[in-house]
Amino acid sequence: MDGFTPLSATLGGLMIGASAAVFLLLNGRVAGISGILGGLLARPSRETGWRIAFLAGLVLAPLVYAGLGGSLPPVTVATSFPLLVFAGLLVGFGARLGAGCTSGHGVCGIGRGSPRSLVATGTFMAVAIATVFVTRHLLGA
């Protein structure tokens with residue numbers, strides 16, 4: 001967590017919350033990434049355009065930021081490719097099982113006061129904490 005400051009974290013959180021609120025107000029949709037991607041993969045519809053634009057924005061925004069002179073943090077992954085694939089499949093399974101992901105439940109659902117999202121986010125966080133504890137402290141990975 002190099003470069004963390006309470007101000008930057010607060011501003012980032014406010015921007016994420018505001019964008020999720022504006023998206024809900026203007027489109028009547030929750031900005032849950034797994035639901036947006038799932039709807040795009042499920043069937044072609046009149047919603048295909050905004051779904052592609054939303055996901056493209058997630059990928060292109062940091063590239064535009066870097067192109068304008070911003071500095072992106074280095075990304076290092078100290079694990080094997082098969083383990084990354086397995087972890088990705090587990091995350092996808094969990095998002096499907098939980099009927100949403102951290103952005104849908106954690107950002108949008110809690111902001112709307114959804115009890116289901118509160119439970120889902122608590123579960124995400126508890127499992128994440130337990131996973132880090134087991135892998136780093138018990139397995140020494």
Side-chain angles (χ1 to χ4, degrees), residues 1-139 141:
M1 293 195 32
D2 294 337
F4 170 82
T5 67
L7 178 61
S8 66
T10 301
L11 290 174
L14 288 171
M15 289 171 61
I16 290 170
S19 65
V22 168
F23 190 77
L24 180 62
L25 288 172
L26 295 180
N27 297 308
R29 301 277 184 184
V30 171
I33 309 305
S34 64
I36 291 170
L37 179 61
L40 183 62
L41 298 176
R43 62 200 171 281
S45 72
R46 61 186 177 101
E47 296 187 341
T48 300
W50 74 262
R51 291 177 188 272
I52 290 172
F54 189 99
L55 296 171
L58 291 176
V59 174
L60 296 175
L63 301 176
V64 170
Y65 176 73
L68 295 173
S71 144
L72 297 178
V75 177
T76 55
V77 180
T79 192
S80 67
F81 183 73
L83 185 58
L84 285 176
V85 170
F86 179 66
L89 290 172
L90 282 177
V91 168
F93 176 76
R96 188 73 175 162
L97 182 66
C101 58
T102 53
S103 58
H105 284 300
V107 175
C108 302
I110 288 178
R112 292 181 303 126
S114 167
R116 184 177 79 138
S117 291
L118 185 61
V119 171
T121 303
T123 303
F124 297 155
M125 296 303 294
V127 170
I129 291 166
T131 300
V132 169
F133 179 79
V134 168
T135 58
R136 294 208 176 153
H137 300 289
L138 299 181
L139 300 177

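For the pair L89 and V85, the minimum side-chain heavy-atom distance is below 4.5 Å. Taking 4.5 Å as the limit, some side-chain heavy atom of I33 sits within range of a side-chain heavy atom of L55. Looking only at side-chain heavy atoms (C-beta outward), L24 and R112 come within less than 4.5 Å of each other.
The two residues V30 and C108 come nearest to each other via the heavy atoms CG1-CB, 3.3 Å. The shortest heavy-atom contact between S103 and A31 is OG-O, 3.6 Å. Among all heavy-atom pairs drawn from P62 and L58, the shortest one is CD-O, 3.4 Å. Nearest approach of H105 to G98, heavy atoms of both residues: NE2-O, 2.9 Å.
Of the possible donor and acceptor atoms, one in the side chain of T123 sits under 3.5 Å from a partner among the backbone N and O of V119. Remark: side-chain polar atoms of R51 are paired, donor with acceptor, to backbone N or O of G35 under 3.5 angstrom. For S19 (side chain) and I16 (main-chain N/O), a donor-acceptor pair under 3.5 Å exists by modelled atom type. In this structure, the side chain of T131 engages the main chain of V127 through a donor-acceptor pair within 3.5 Å. Remark: the backbone N or O of A95 is not paired with any side-chain donor or acceptor of S34 at under 3.5 angstrom.
Ring geometry for H137 versus F133: interplanar angle of 30 to 60°, hence tilted.
With sequence neighbours excluded, no residue satisfies side chain to side chain donor-acceptor pair (under 3.5 Å) with S71. Listed by chain and residue number, T5, L11 satisfy the side chain to side chain contact (heavy atoms under 4.5 Å, CB included) test with L7 (two or more places apart in sequence, or in another chain).
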Side chain to side chain contact (heavy atoms under 4.5 Å, CB included) between T10 and L14, worked out
CA-CA 6 Å; T10 301; L14 288 171; 4.1 Å; yes

Would you sort out whether T121 and T102 count as a side chain to side chain contact (heavy atoms under 4.5 Å, CB included), showing the intermediate values?
CA-CA 7 Å; T121 303; T102 53; over 6 Å; no

Would F86 and F81 count as a side chain to side chain contact (heavy atoms under 4.5 Å, CB included) here? Give the steps.
CA-CA 9 Å; F86 179 66; F81 183 73; over 6 Å; no

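Atoms CG and CZ, from L37 and F54 in turn, are 11.0 Å apart once rounded to the nearest 0.5 Å.
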